[in-house]
Amino acid sequence: MEVIYPNNTFEELHQKIVEYFENGCRLVWVINPDEKLILVYHKLEPDKLLQITDNLDGEDI
């Protein structure tokens, strides 16, 4: 799980996601509290965009 803060850059965030998957991670949530959105990753590109009314779960992980 990564939370986006105002001082984060896209490059920093992307590098963290790359590192997670290189180290065997199978699911990453990127949370944007300001926009109230969550990006769900199973690979280096987001698979889903969840909004505040959607359910978040760990799936089969």
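- Salt bridge annotation for K48-E59: present, with a cationic side-chain nitrogen under 4.0 angstrom from a carboxylate oxygen.
- For the pair H42 and L27, the tightest heavy-atom approach, listed with the atom from each and the gap, is NE2-CD1, 3.6 Å.
- Atom CD1 of I52 is surrounded by 12 or fewer heavy atoms from other residues, nucleotides or ligands within 6.0 Å.
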Full working for side-chain contact (heavy atoms from CB on, under 4.5 Å) between L39 and W29: CA-CA 6 Å; L39 290 168; W29 298 327; over 6 Å; no
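- Between the OH atom in Y5 and the CG atom in D34 there is a gap of 11.0 Å [rounded to 0.5 Å].
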Run H14 and V18 through side-chain contact (heavy atoms from CB on, under 4.5 Å) and show every step you take. CA-CA 6 Å; H14 181 72; V18 168; 3.6 Å; yes
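- Judged purely by atom type and a 3.5 angstrom limit, N23 uses its side chain to pair as donor or acceptor with the backbone of E19.
- Under the 4.5 Å side-chain criterion, counting only non-hydrogen atoms from C-beta, Y20 is not in contact with Y41.
- I17 and F10 fall into different hydrophobic clusters, where Ile, Leu, Val, Met, Phe, Trp and Tyr residues are linked whenever their side-chain heavy atoms come under 4.5 Å apart, directly or through other members.
- Distance CG/N7 to CD1/I4: 11.5 Å, rounded to 0.5 Å.
- Atom-to-atom distance recorded for L37:CG and L49:CG is 5.0 Å, nearest 0.5 angstrom.
- Between the CD1 atom in I31 and the CD atom in E2 there is a gap of 9.5 Å [rounded to 0.5 Å].
- Distance CD/E12 to CD/Q15: 10.0 Å, rounded to 0.5 Å.
- Taken from CD in E11 to CG in L13, the straight-line distance is 11.0 Å, to the nearest 0.5 Å.
- Side-chain contact check for P46 versus V30: every heavy-atom pair is 4.5 Å or farther apart.
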